[in-house]
Amino acid sequence: MAVLADYQREIYFRGLDGVLPALPTDLDALERTAERRLEPRAFAYVAGAAGTESTARANRAAFERRRIIPRMLSGVSEPDTSLELFGERMAAPVLLAPVGVLTIMHPDGELAVARAATGLGTTMVLSTAAAHSMEQVAEASAGGPRWYQLYWPKDRDLAESFLDRARAAGYRALVVTLDNHTLAWRPRDLDQAYLPFLRGVGIANYVTDPVFQKAVGSPIGDHNLREAALAWTEIFGDASLSWKDLPFLRDHWNGPIILKGILHADDARRAADAGMDGVVVSNHGGRQADGAIASLDALPTVAAAVGDRVGVLFDSGVRTGSDVIKALALGARAVLLGRPYVYGLGLAGEAGVRHVIRSLLADLEITMMVCGIPAIGEITSETLTS
């Protein structure tokens, strides 16, 4: 019997007792529910994108253009959703994307996400911009799978400290975000003059770091949190970074290194040439460059450019099980899920995150059965229309 799809059965059987799901099972509808219920500034910060938000719309439109070709009489009753990724066996090709400042959605923030992910065997990628420290999140994950995402700061000593701390706390892989060294023009946030970091939210990894504390010049507490936030603005991103800086990462991290934000084939080839282990094809969910190519449209070219030299992951716009299949058919090994789990967190804390993960994974398994796909490894370009 299919395991992930059991969530569908649970929902229907609870319905016999008159119990309806507490949250929508359609992740697009979940966003609309979040917009109605959550604090407006917090919702806008998560939902918003750069400029006219055309890139975010393009991400979803790219999925809509692709179509799956179901196959019949394939005998698929228990599809195999598992895979091996960077030497680690995973139950499904879905990870939780790094999203910062999560306490604006729920007081437990990243801690709730870590508990939910661990309980379901899903890998959480922790953002540098977390509202809880990487050590706190590692403790909350209780040994569950977790990766660390680095926003590469201007201070190399701070970057080294972050990597040392992440390694010591048991984070297995490093995801380095390349496309957010400067905050984009985001009208939803600008119109409300709202940036959580300036209010001391999302800088927990900084204020708990000895290198950052030394830069501020004194122990950091409520009395000087604003001063620390201002120091953060000076150190957060480094626009001067170039390909020649990548050896620093290899010198200070002994696990898999994945570059996030790759959209051009030449950049993917350069990542492979530099000895990186993977890339994430991503436009940051449309949050950085207005008018940019949809991530899904970039995926086939990037995947073809590197072949099996590096592992190709994907994010930006994933909402359904069929979206996962489409991304895999176009060359991804796995996908990262972003905004939906954040909405689940805001609406129902840890239970909301669990609901979102289980909904997506059940949808994935059921769609594989319906379309006659026996295993993740059997998904190819022929799974889609040309």
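Positions are given from 1 along the sequence. Quick note: numbers below take in every heavy atom, side chains included, and nothing from hydrogens, waters or symmetry partners.
With sequence neighbours excluded, no residue forms a side chain to side chain donor-acceptor pair (under 3.5 Å) with R41. Shown here are the side chain to side chain donor-acceptor pair (under 3.5 Å) partners of E53, two or more places apart in sequence or in another chain: R188. Annotation: salt bridge (charged side-chain N to carboxylate O under 4.0 Å, His left out) contacts of D297 (sequence neighbours excluded): R65, R66. Not counting sequence neighbours, the partners of R269 by the salt bridge (charged side-chain N to carboxylate O under 4.0 Å, His left out) test are D266. Partners of R186 according to the side chain to side chain donor-acceptor pair (under 3.5 Å) rule, which considers only residues two or more places apart in sequence or in another chain, are Q288. Scanning for salt bridge (charged side-chain N to carboxylate O under 4.0 Å, His left out) contacts around R250 gives D277, with sequence neighbours left out. Listed by chain and number, the residues in a salt bridge (charged side-chain N to carboxylate O under 4.0 Å, His left out) with E227 amount to none (sequence neighbours excluded). Every side chain to side chain donor-acceptor pair (under 3.5 Å) that R167 has, sequence neighbours left out, goes to D164.
A distance-only check finds a donor-acceptor pair linking the side chain of E365 to the backbone of A5 [under 3.5 Å]. The main-chain N or O of N205 is never found under 3.5 Å from a side-chain atom of S133 such that the two would form a donor-acceptor pair. T367 places no side-chain N or O within donor-acceptor distance of the main-chain N or O of G321, the cut-off being under 3.5 Å. Y341 places no side-chain N or O within 3.5 Å of a backbone atom of G352 that could act as its donor or acceptor partner.
No chain of hydrophobic side-chain contacts below 4.5 Å, direct or via other Ile, Leu, Val, Met, Phe, Trp or Tyr residues, connects Y171 to W147. F197 is connected to I220 through a chain of hydrophobic side-chain contacts under 4.5 Å among Ile, Leu, Val, Met, Phe, Trp and Tyr, so both are in one cluster. Linking ILVMFWY residues whenever their side-chain heavy atoms come closer than 4.5 Å, directly or via other members, places Y194 and M105 in the same cluster. Under the 4.5 Å side-chain heavy-atom criterion for grouping Ile, Leu, Val, Met, Phe, Trp and Tyr, V302 is not connected to L85 through any hydrophobic cluster. Transitive grouping of hydrophobic side chains (ILVMFWY, heavy atoms separated by less than 4.5 Å) keeps W232 and L230 in distinct clusters.
In this structure the side chain of W243 reaches within 4.5 angstrom of the side chain of D267, judged on heavy atoms. Side-chain contact check for V356 versus L337: some heavy-atom pair is nearer than 4.5 Å. For the pair L178/K260, no side-chain contact is recorded, criterion being any heavy-atom separation below 4.5 Å from C-beta on. Between D6 and R9 the shortest side-chain heavy-atom distance falls below 4.5 Å. F162 has its side chain within reach of Y148: a pair of non-hydrogen atoms, C-beta onward, lies under 4.5 Å apart. Using a 4.5 Å cut-off on side-chain heavy atoms (C-beta onward), R37 and L347 make contact. Looking only at side-chain heavy atoms (C-beta outward), H355 and T25 come within less than 4.5 Å of each other. At a threshold of 4.5 Å between non-hydrogen side-chain atoms, the residues L345 and V113 count as touching.
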| task | Dump the intermediate steps for side chain to side chain donor-acceptor pair (under 3.5 Å) on N283 and S316, then the final yes or no. | result | CA-CA 7 Å; N283 59 31; S316 300; 3.2 Å; yes
| said: Please determine whether side chain to side chain contact (heavy atoms under 4.5 Å, CB included) holds for the pair I258 and V280, giving the CA-CA distance in whole Å, both sets of side-chain angles, and the decisive distance to 0.1 Å. | reply: CA-CA 7 Å; I258 301 106; V280 183; 3.5 Å; yes
| query | Does the pair M368 and I325 meet the rule for a side chain to side chain contact (heavy atoms under 4.5 Å, CB included), with working shown? | reply | CA-CA 8 Å; M368 290 176 68; I325 291 170; 4.0 Å; yes
| query | Would L246 and L259 satisfy side chain to side chain contact (heavy atoms under 4.5 Å, CB included), going step by step from the backbone distance to the final call? | reply | CA-CA 10 Å; L246 290 182; L259 302 185; 4.1 Å; yes
| field | Verdict with supporting geometry, R309 and D273, salt bridge (Lys or Arg N to Asp or Glu O under 4.0 Å) | value | CA-CA 9 Å; R309 296 177 66 196; D273 292 343; 2.6 Å; yes
| message | Could you walk me through whether H252 and L249 satisfy the side chain to side chain contact (heavy atoms under 4.5 Å, CB included) test, starting with their C-alpha distance in whole Å, then the side-chain angles of each, then the deciding distance to 0.1 Å, before giving a yes or no? | response | CA-CA 5 Å; H252 296 285; L249 298 175; over 6 Å; no
| query | Should R354 and E350 be marked as a salt bridge (Lys or Arg N to Asp or Glu O under 4.0 Å) after you check the CA-CA gap, both sets of side-chain angles, and the distance that decides it? | reply | CA-CA 6 Å; R354 288 179 56 84; E350 179 182 344; 5.5 Å; no
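Using a 4.0 Å cut-off between charged nitrogen and carboxylate oxygen, R172 and E88 count as a salt-bridge pair.
Using a 3.5 Å distance cut-off with no hydrogens or angles, the side chains of T385 and R67 do not pair a donor with an acceptor. When only modelled atom types and interatomic distance are considered, Y151 and H181 share no side-chain donor-acceptor pair under 3.5 Å. Side chains of D290 and T52: a donor on one and an acceptor on the other come within 3.5 Å.
For residues 318-336, the side-chain hydrogen bond (donor to acceptor under 3.5 Å, both in side chains) pairs, not counting sequence neighbours, are R60-D323, T320-S322, T320-D323.
Atom CZ of R57 sits in a crowded spot, with more than 12 heavy atoms from other residues, nucleotides or ligands closer than 6.0 Å. Surrounding CH2 of W185 are at most 12 heavy atoms belonging to other residues, nucleotides or ligands under 6.0 Å away. Atom CD of E139 has 12 or fewer heavy atoms from other residues, nucleotides or ligands within 6.0 Å.
Side-chain heavy-atom separations under 4.5 angstrom define the hydrophobic clusters, and the remaining members of the one that includes F13 are L16.
Rounding to the nearest 0.5 Å places CG of L158 at 6.5 Å from OH of Y206. Rounded to the nearest 0.5 angstrom, L299 CG and S282 OG are separated by 11.5 Å. Note that CG of D245 and OG of S240 are 6.5 Å apart. Values are rounded to the nearest 0.5 Å. Within the model, atoms CG of L96 and CD of E110 stand 12.0 Å from one another, a figure rounded to the nearest 0.5 Å.
For T118 against S141, the heavy-atom pair with the smallest separation is OG1-O, 2.7 Å.
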Side-chain donor-acceptor contacts of residues 208-215 below 3.5 Å, not counting sequence neighbours, with atom names and distances?
unit_1	atom_1	unit_2	atom_2	d
T208	OG1	R165	NH2	2.8
T208	OG1	A204	O	2.7
D209	OD1	S161	OG	3.1
D209	OD1	V211	N	2.9
D209	OD2	S161	OG	2.7
D209	OD2	R165	NH1	3.0
Q213	NE2	V207	O	2.8

Using a 3.5 Å cut-off and no angle test, enumerate the donor-acceptor pairs between side-chain atoms of residues 374-383 and protein atoms at least two apart in sequence or in another chain.
unit_1	atom_1	unit_2	atom_2	d
T380	OG1	E382	N	3.2
T383	OG1	T380	N	3.1
T383	OG1	T380	O	3.0

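Screening L313, V335, L364 for a side chain to side chain contact (heavy atoms under 4.5 Å, CB included) involving P93 leaves a single residue, L364.
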